[in-house]
Each structure stands twice: as structure tokens, then as C-alpha cells.
There are 2 protein chains.
Amino acid sequence: MIKVLLAEDQGMMRGALALLLGLEDDIEVVAQVSDGDDVVPAALRARPDVALLDIEMPGRSGLDAAAELRDRLPRCRVLILTTFGRPGYLRRAMEAGAYGFLVKDGPVEELAAAIRRVLAGERVIDPTLAAAALSTGPSPLTDRERDVLAAAADGSTVADVAARLHLSESTVRNYLSSAIGKTGTRNRIEAARQARHNGWL
Amino acid sequence: MIKVLLAEDQGMMRGALALLLGLEDDIEVVAQVSDGDDVVPAALRARPDVALLDIEMPGRSGLDAAAELRDRLPRCRVLILTTFGRPGYLRRAMEAGAYGFLVKDGPVEELAAAIRRVLAGERVIDPTLAAAALSTGPSPLTDRERDVLAAAADGSTVADVAARLHLSESTVRNYLSSAIGKTGTRNRIEAARQARHNGWL
DNA sequence: GATTGGGCGGGACAAATGTCACGGGACCGG
DNA sequence: CCGGTCCCGTGACATTTGTCCCGCCCAATC
């Protein structure tokens with residue numbers, strides 16, 4: 001019996017997946033959580049063989065949870081299941097020690113198969129996505145540029161961002177400018193879109 | 001046997017829901033589509049009793065599809081199933097003749113129950129959401145303001161928007177300014193966020 | 001020990017953005 | 001017919017944003 005932990009914030013999705021996985025003879029869902037912060041505690045209690053993690057969740061992201069799981073529960077294989085096949089997400093998932101990376105677009109049948117393959121030690125990654133991740137390259141943004149861009153993405157003015165990050169306005173403008181330059185875009189909005197699209201935020 | 005059409009672009013979600021609904025004794029999924037433009041043709045072929053529609057899809061939105069279904073297949077009850085409980089979405093769903101409005105956050109058990117209730121002529125709406133929709137009020141934006149704001153939301157400059165909508169730059173600036181004023185925000189980014197959040201785009 | 005790159009900030013400038021006041025035309029309901 | 005509202009446009013203006021200089025400090029690296 002393969003013991004699976006399921007981390008997914010959308011109730012209907014989580015319920016449907018749990019039900020669906022429960023139909024498999026060799027799979028048992030031993031824990032369900034809807035908040036990123038609950039992943040590790042639940043895993044320590046339930047000791048799953050495979051953790052199926054969404055990335056976008058309340059609390060910490062599935063990527064952060066994956067990294068912590070690798071340290072605290074190395075026997076548990078992590079399988080990322082996400083809506084967006086962003087290159088940067090895949091890269092970060094691999095760095096966090098994930099064994100597999102699935103997008104929610106694919107057919108449901110893939111899921112149980114991926115769980116079995118991951119448990120067997122195989123890596124499960126969509127080849128198209130892997131190619132995209134490699135061709136896109138790692139994020140060109142420095143930590144600060146990323147922070148500033150993220151802080152400005154919601155419509156905050158330069159003054160807002162400066163206050164929130166304890167920087168001078170000049171500094172904020174400079175970081176935004178270089179982020180815009182590195183992303184090859186024309187303004188902060190396009191830069192933020194681009195960075196988000198690539199999974200750099 | 002209740003015949004259900006399922007329109008949802010995310011493969012895994014669609015597959016899981018179909019499987020799940022298939023487990024119910026009195027429900028049969030007679031059609032599945034992943035593109036908004038396929039909804040009406042598929043419905044005309046399969047003649048479902050209930051259409052379960054996502055809003056955000058490639059092709060036309062589930063709301064538009066709902067409106068067309070009401071005209072072309074009035075016997076078919078529409079049930080909207082969406083990720084975001086935006087007040088404007090609910091409002092538009094009702095105007096498009098939908099019988100129910102579910103958010104994907106809720107438990108899966110709700111789904112089959114909602115289908116049966118909708119078919120019985122009942123309306124299915126989350127009370128909290130209904131209250132939010134009423135308190136938020138209808139969109140204050142005129143059609144043009146909405147178009148311009150939507151066109152500017154992706155980082156396009158005023159010149160881009162003007163060219164795309166065949167307007168003068170001055171006009172675009174004026175519409176943006178009034179949209180910003182009406183949403184009570186400070187710039188186009190906040191205005192777009194606000195409008196999107198309320199389901200006004 | 002010198003070079004490089006990142007973090008941080010200043011100043012000055014052009015361009016884009018947001019605001020305001022003001023027009024005209026169309027259409028609709030009272 | 002008149003008032004109101006939306007559509008579309010102008011011109012002027014203040015503010016914000018984006019760019020390009022410059023500087024200093026620090027850590028890693030060669």
C-alpha cells in the first residue's frame with residue numbers, strides 16, 4: 001500500500017483527487033492538508049511514502065514545503081502538482097529535491113502512474129516542460145531586484161515600495177530599471193508579468 | 001438518469017470531476033469539453049439536463065456560453081463552477097440565466113447535490129457570496145472604460161491601447177483616469193486589480 | 001592585492017502617466 | 001424639447017516613472 005499525503009488548497013480539487021486515488025488498489029491517502037504550513041507536521045504524523053504538493057497555497061508554498069520535507073523526512077518522495085508549468089517552478093522544484101513535476105492540465109490517469117514511478121525512484125517530468133525550463137535559463141534577477149519587482153507588482157508606487165522594504169526611492173527606481181532591462185520589457189508591469197510567467201517571483 | 005455536460009479546461013480537474021460524478025447512481029456525464037467555444041455544439045448534440053461550466057476557459061467564457069445556452073437550449077439548466085467567487089461573476093451568471101453558482105473551494109459532496117437541486121428548479125448560491133455581490137454593487141465602469149482598462153492591464157502603453165482600440169491617446173488617458181477614479185485607486189495597475197477582483201473585467 | 005559583482009544611494013533628465021477643464025455629437029427618457 | 005449620460009476628442013499641466021550618470025561599501029574570487 002502506497003501512503004500518500006495530499007496538499008492542495010482548492011477543496012473540490014483536493015476532494016476529487018483523494019477520492020480518485022482512493023479507488024486505486026495500491027494507493028491510500030493518509031493525510032490531506034490545504035495549507036502549506038500544515039504539510040510538514042502532517043507528514044511527520046502520517047509518514048507518507050509520497051507527498052503530492054500544490055505550489056500555490058496559503059501559508060508557505062509547495063516548493064518551500066518540499067525543501068523542508070527533504071530535510072525532515074528524506075524517505076518521503078515529493079511530487080509537485082501545479083496549475084502552471086512555469087520554467088522557474090520546475091527548476092526550483094528540482095533544487096528542492098522533488099522527484100516529479102506534473103501540471104494539472106494532463107489527464108488524470110497520469111497521476112496514479114506518476115506516483116508509482118516516483119516511488120520506484122524514477123523521475124517524472126514532462127519533456128516539453130523540461131526543455132522550456134532549460135531554454136529559458138535561470139532567473140537573471142538578483143534577490144533585491146526580485147523583491148522590489150514583487151513589491152511593485154500590485155500597483156504600489158515607488159514611495160510605497162521604498163517604505164515597505166526600507167530602501168531609498170532612488171534605489172527602488174534603480175532596481176526596477178535593471179529588472180525591466182533584464183527581462184527585456186518596457187515597464188514594471190510587463191516585467192512583473194514576464195517574471196511571474198517564468199516562475200521567477 | 002441526469003445527463004450532465006462538463007466544461008472545464010484543466011484536464012486533471014475535468015477528469016476527476018467526470019469520474020466522481022460517474023460514481024453517482026443517478027448522474028451520467030454525457031459530454032466533456034475543454035474550450036468555451038465547444039460548449040454549445042456539444043450541448044446541441046448531447047442534450048444534457050445540466051451544464052456544469054467553468055468561467056475561465058480558452059475560447060469564450062463560461063458566462064457567455066451560459067447566455068447562449070439559455071437561448072439555444074432553454075431546457076438545459078446551467079450551473080457555474082468557478083475558482084473565483086468574484087461578485088461580478090455571480091451577477092453576470094445570474095443575468096446569463098444560470099441556476100447555480102459554485103466555487104471550487106467547497107467540498108466535493110456539494111457538487112452532486114447542487115446538480116440535483118438545480119434540476120429540481122432550485123437556485124444554488126453560496127449565501128456569503130450573494131451578500132458580497134449585493135454589497136459590492138454592479139460595475140461602475142462604462143463599456144469603454146472596461147475595454148480600455150482591460151487593454152492596458154497587461155502593461156501596454158497608452159499608445160498601444162489607442163492603436164489597438166482605434167482611439168486617440170487623449171481619449172485613452174481620459175478613460176483610464178475615470179476608471180481609476182471610479183475604482184478609488186491610484187493608478188491603472190491598482191484599478192485593473194480591483195476591477196478583476198470584483199469580476200468587472 | 002586587484003578585480004568583479006552585488007547592495008545601496010544621489011542627481012538630473014526625458015518620457016509616460018494621471019488630472020482637469022473644456023469642447024462636440026449621439027442617444028434616450030421624461 | 002430638454003437634461004442626462006455616454007462616447008470621443010483637445011490642450012495644458014503636475015506627477016510619476018524609467019534611464020543614465022555618478023558615488024561608496026562589502027564580499028567573493030582570481
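In what follows, every chain begins at residue 1, and chains take the letters A, B, ... in the order their sequences are listed.
As a whole-Å value, the separation of Glu190(A) CD from dA16(C) C1' is 13 Å. Computed from coordinates, the Glu169(B) CD to dA15(C) C1' distance equals 12 Å when rounded to whole Å. The interatomic distance linking Leu176(A) (CG) with dT19(D) (P) rounds to 9 Å, in whole Å. Distance Tyr175(B) OH to dC20(C) P: 18 Å, rounded to the nearest Å. Spacing between atom CD of Glu145(B) and atom P of dG18(C) amounts to 14 Å, rounded to whole angstrom units. Here dC7(D) presents its C1' atom at 15 Å from CG of Leu141(B), a figure rounded to the nearest Å. In this structure, Arg188(A) atom CZ and dA16(C) atom P are separated by 15 Å, rounded to whole Å.
Closest contact between the side chain of Arg173(B) and the listed nucleotides dG7(C), dG18(C), dG10(C) involves dG18(C). Between dT19(D), dG9(D), dG18(C), one nucleotide has an atom nearer to the side chain of Ile180(A) than all others, and that is dT19(D). Side-chain proximity of Thr142(A) to the nucleotides dG11(D), dG7(C), dC7(D) is greatest for dG7(C).
The pair Asp147(B)-Arg164(B) fails the salt-bridge criterion, with no side-chain N (NZ, NE, NH1 or NH2) lying under 4.0 Å from an Asp/Glu carboxylate O. Look at Glu68(A) and Arg60(A) and you find a salt bridge, because one of the NZ, NE, NH1 or NH2 atoms lies within 4.0 Å of a carboxylate O, short of that distance. With salt bridges taken as basic N to acidic carboxylate O contacts below 4.0 Å, none links Arg14(B) and Glu8(B). Between Glu95(A) and Arg70(A) no salt bridge is recorded (no basic side-chain N to carboxylate O distance below 4.0 Å).
The phosphate of dG10(C) (OP1 or OP2) has a side-chain N or O of Ser168(A) nearer than 4.0 angstrom. Phosphate contact (OP1/OP2 of dC6(D), side-chain N/O of Arg144(B), threshold under 4.0 Å): absent. For dG18(D), the OP1/OP2 oxygens have no side-chain nitrogen or oxygen of Arg186(A) closer than 4.0 Å. For Ser177(A) and dT19(D), the shortest distance from a side-chain N or O to OP1 or OP2 is below 4.0 Å.
Using a 4.0 Å heavy-atom criterion, one finds that Asp143(A) contacts the sugar-phosphate atoms exclusively. When heavy atoms are screened at a 4.0 angstrom cut-off, Thr171(B) is found touching base atoms of the nucleic acid.
Side chain Asn174(B) to base dC20(C): a donor-acceptor pair is found below 3.5 Å. If you check distances only, the side chain of Asn187(A) never reaches the base of dT16(D) with a donor-acceptor pair under 3.5 Å. The base of dG7(C) is not paired with the side chain of Asp147(A) by any donor and acceptor separated by under 3.5 Å.
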Asp9(A) and Lys104(B): salt bridge (Lys or Arg N to Asp or Glu O under 4.0 Å), yes or no, with the steps? CA-CA 10 Å; Asp9(A) 63 322; Lys104(B) 290 182 187 168; over 6 Å; no
